[in-house]
Enquirer: 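Before I ask anything, here is the structure I am working with.
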Amino acid sequence: MAYVLGLRCRACGKRSALAPVHVCADCLGPLELEYDYEAIAREVRPEQFERGPVSMWRYRALLPLADDAPVVDLGTGFTPLLRADNLARALGLRHVYIKNDAVNPTYSFKDRVVAVATSAAVGFGYRVLACASTGNLAASVAAHAAKMDLQSYVFIPADLEPAKVVNTAVYGTRLVAVRGSYDQVNRLCSEVGDVFGWAFVNINLRPFYSEGSKTLAYETAEQLGWKAPDHVVVPIAGGSVLSKIAKGLREMRDFGWIPPGRTRVSGAQAAGCAPVSRAFHSGAERVSPVKANTIAKSLAIGNPADGDLALRTIRNSGGAAEMATDEEIVAGIQLLASTEGIFAETAGGVTVACARRLAAAGRIDPDETVVLYITGNGLKTPDAVAPVVAPAREIEPTLEAFEATMAGAVA
Ligand SMILES: *Cc1c(COP(=O)(O)O)cnc(C)c1O
Ligand SMILES: [Zn+2]
């Protein structure tokens with residue numbers, strides 16, 4: 001059965017019925033989903049998830065969908081949680097895990113949030129799905145619209161990585177490349193949404209969308225044998241996935257599904273777009289917008305919608321916020337690939353590079369169990385590493401030619 005109750009304003013607390021809206025009618029504060037937590041604690045046992053589908057939908061009871069709502073199933077979620085001992089050694093840590101969300105259907109964690117938003121949109125009767133995207137949302141929205149036979153409009157900054165454009169266009173969406181930054185694309189989409197009345201997954205459906213990220217926390221705990229990690233490192237763009245991983249962990253502790261205690265939540269940003277990390281280090285209460293300039297385009301949101309919430313979440317948990325230069329991001333991608341055999345996009349490079357900085361600064365204790373969230377696939381941003389990887393040796397198709405290159409190589 002569905003346990004979702006309705007929407008509640010994060011600022012003034014006013015409750016409202018489930019609807020495709022993202023701001024409070026009274027104070028314009030952000031809206032959050034509410035559930036009947038007492039009923040969940042009474043009626044749901046974590047073991048029952050283990051009999052569910054091998055996807056994020058095994059946690060459907062904890063998502064904001066009515067009983068009879070259709071769900072869009074591309075097979076998203078239940079991605080591998082891998083012990084990363086080689087990477088741990090390189091970072092000077094002992095218990096590191098990678099949550100590899102690069103292997104979702106459209107190769108990023110965005111499939112989790114879009115799966116929930118699309119299901120909600122269909123339930124509300126929408127026929128057109130849309131989004132403002134920094135790249136990964138684009139492909140995911142296009143794919144989910146295709147699966148549900150919806151029309152879709154995807155708005156991207158015109159300077160997006162070519163691989164992400166092709167990765168989106170292939171699903172047959174209407175792709176709109178806007179000459180401007182992501183923040184300008186997002187502003188335009190708010191206006192388009194008002195005029196056209198479409199389901200913008202990360203605007204009017206944002207409360208539903210962002211709940212999808214809680215499944216990252218549920219899966220991590222289940223895969224650790226219903227335990228929470230001591231520390232998580234999560235990339236930040238709009239600040240939603242970080243906040244929702246914390247929410248999922250909090251829920252499981254409240255339900256008594258995982259032992260009491262706390263998980264430190266640390267945030268990872270690119271130095272070229274680090275509004276949350278800068279606020280963290282300066283001691284500011286609120287996040288100030290920045291102008292983004294980084295190779296980590298999927299994280300290039302200068303004015304993050306959930307930035308203040310992410311900042312509060314990090315501080316309250318005892319975590320930290322770090323940032324990594326473009327060079328460190330590329331090195332982070334290479335380090336993960338060469339130690340664990342996982343090719344991440346630039347956002348993954350940010351996470352690894354920030355984990356490295358946090359470990360070096362003693363912000364991550366060597367004995368903590370740490371989970372690094374790898375949220376996107378390296379094939380989305382091959383150009384980031386192309387200039388630094390070793391080139392192939394080209395030879396004639398003869399044994400002599402090969403032996404000659406071997407002789408030249410320092411073994
Ligand atoms: C969107 C995105 C993020 C961050 O998501 P927010 O919830 O907006 O903070 C992280 N990694 C990748 C690869 C993304 O596409
Ligand atoms: Zn309000």
Side-chain angles (χ1 to χ4, degrees), residues 7-16 21-32 99-104 106-114 116-117 131-141 156 160-161 164 167-168 182-183 186 201-203 206-207 209-214 216 233-247 265 267-270 273-277 287 294-307 309-311 313-314 321 329 333 344-352 354 372-381 384:
L7 293 161
R8 186 166 187 273
C9 174
R10 245 188 251 154
C12 77
K14 183 192 162 84
R15 294 195 161 89
S16 53
V21 288
H22 68 302
V23 291
C24 174
D26 281 7
C27 77
L28 298 182
L31 298 177
E32 184 76 35
K99 180 64 170 162
N100 186 12
D101 245 30
V103 298
N104 273 313
T106 72
Y107 310 103
S108 87
F109 97 95
K110 289 293 199 299
D111 289 330
R112 297 177 185 273
V113 286
V114 174
V116 176
C131 71
S133 176
T134 57
N136 289 321
L137 194 55
S140 190
V141 163
I156 53 171
L160 201 64
E161 297 99 330
K164 285 183 180 165
N167 266 288
T168 302
Y182 171 79
D183 294 290
N186 193 49
V201 299
N202 56 336
I203 302 177
R206 189 171 179 85
Y209 159 98
S210 57
E211 286 288 285
S213 288
K214 293 194 305 179
L216 274 168
V233 182
V234 187
I236 299 174
S240 160
V241 60
L242 179 141
S243 315
K244 294 294 176 160
I245 287 174
K247 181 178 180 182
V265 179
Q269 294 200 294
C273 183
V276 176
S277 300
V287 172
T294 168
I295 58 165
K297 292 185 193 289
S298 56
L299 303 182
I301 299 184
N303 189 12
D306 292 307
L309 178 64
L311 181 62
T313 302
I314 291 166
I329 294 167
I333 295 173
E345 70 141 274
T346 45
V350 170
T351 301
V352 172
C354 287
L372 309 186
Y373 286 88
I374 298 304
T375 48
N377 196 296
L379 294 176
K380 301 242 196 188
T381 60

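In this chain, numbering begins with 1 at the start of the sequence shown. One-based numbering, in listed order, for ligands and for the atoms of each.
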Enquirer: Is there any N or O on I301 that sits under 3.5 Å from an N or O of ligand 1?
Expert: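 Between I301 and ligand 1 (N or O atoms, distance only) the closest approach is not under 3.5 Å.
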Enquirer: Can you report which non-hydrogen protein atom sits closest to atom 1 (C) of ligand 1, along with the distance?
Expert: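 Sorting protein heavy atoms by distance from atom 1 (C) of ligand 1 puts K110 NZ, 1.3 Å first.
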Enquirer: Which of the numbered atoms in ligand 1 are below 4.0 angstrom from a heavy atom of E345?
Expert: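 Those of ligand 1 that fall under 4.0 Å from E345 are 13 (C).
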Enquirer: Could you tell me whether S240 approaches ligand 1 through its side chain, its backbone, both or neither, with non-hydrogen atoms closer than 4.0 Å?
Expert: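 For S240, the contact with ligand 1 is made by both the backbone and the side chain.
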Enquirer: S108 versus ligand 1: do any nitrogen or oxygen atoms come within less than 3.5 Å of each other?
Expert: no
Enquirer: With a 4.5 Å limit on heavy-atom distance, are the side chains of I314 and V276 in contact?
Expert: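 I314 reaches V276 side chain to side chain.
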Enquirer: Give yes or no for whether the N/O distance cutoff of 3.5 Å, strictly under, is met between G376 and ligand 1.
Expert: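 No, since none of the N or O atoms of G376 sits under 3.5 Å from an N or O of ligand 1.
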Enquirer: Have a look at G239, A139, S133 and point out the one with the heavy atom closest to atom 9 (O) of ligand 1.
Expert: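 The option holding the nearest heavy atom is G239.
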Enquirer: Within the 4.5 Å heavy-atom criterion, are F109 and V241 side-chain neighbours or not?
Expert: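 In contact.
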Enquirer: Does N136, backbone or side chain, put an N or O under 3.5 Å from an N or O of ligand 1?
Expert: yes
Enquirer: Taking 4.0 angstrom as the limit, do D306 and K244 come out as a salt bridge?
Expert: no
Enquirer: Could you find the nearest protein heavy atom to atom 7 (O) of ligand 1 and give me its residue, atom name and distance?
Expert: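 For this ligand atom, the closest protein heavy atom is V241 N, 2.8 Å.
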Enquirer: So, does Y373 sit close enough to ligand 1 that a heavy atom of it is under 4.0 Å from the ligand?
Expert: no
Enquirer: Would you mind checking which non-hydrogen protein atom is closest to atom 12 (C) of ligand 1, with the distance to 0.1 Å?
Expert: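 Answer, as residue, atom name and distance: T375 OG1, 3.3 Å.
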Enquirer: Taking the side chain as C-beta and beyond, is there a heavy-atom pair between N186 and I203 under 4.5 Å?
Expert: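 Yes; the side chains approach each other to less than 4.5 Å.
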Enquirer: V201 versus V113: any side-chain heavy-atom pair under 4.5 Å?
Expert: no
Enquirer: Between K244 and ligand 1, which residue portion shows a heavy-atom distance shorter than 4.0 Å: side chain, backbone, both, or neither?
Expert: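 Answer for K244: neither.
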Enquirer: If I compare all heavy atoms of Y209 with all of L137, which pair ends up nearest, and what's the gap?
Expert: CE1-CD1, 3.7 Å
Enquirer: How long is the span from the OG atom in S213 to the NZ atom in K110, to the nearest 0.5 Å?
Expert: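 Taking OG in S213 and NZ in K110, the distance rounds to 8.0 Å.
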Enquirer: Given E345, which partner from the list K380, K297, K164 fulfils the salt bridge (Lys or Arg N to Asp or Glu O under 4.0 Å) test?
Expert: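 For E345, the salt bridge (Lys or Arg N to Asp or Glu O under 4.0 Å) check succeeds only for K164.
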Enquirer: Residue-level breakdown please: for L299 versus ligand 1, do any non-hydrogen atoms fall below 4.0 Å on the side chain, on the backbone, on both, or on neither?
Expert: side chain
Enquirer: With a 4.5 Å heavy-atom cut-off, do S133 and V141 have their side chains touching?
Expert: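 A side-chain contact under 4.5 Å is absent here.
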Enquirer: What residue and atom, counting heavy atoms only, is the protein's closest point to atom 6 (P) of ligand 1, and at what distance?
Expert: G238 N, 3.5 Å
Enquirer: State, with a plain yes or no, whether a side-chain heavy atom of T375 is found less than 4.5 Å away from one of S108.
Expert: no
Enquirer: Taking the Zn ion (ligand 2) as the vertex, measure the angle between atom SG in C24 and atom SG in C27; round to 10°.
Expert: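 My answer is 110°, to the nearest 10°.
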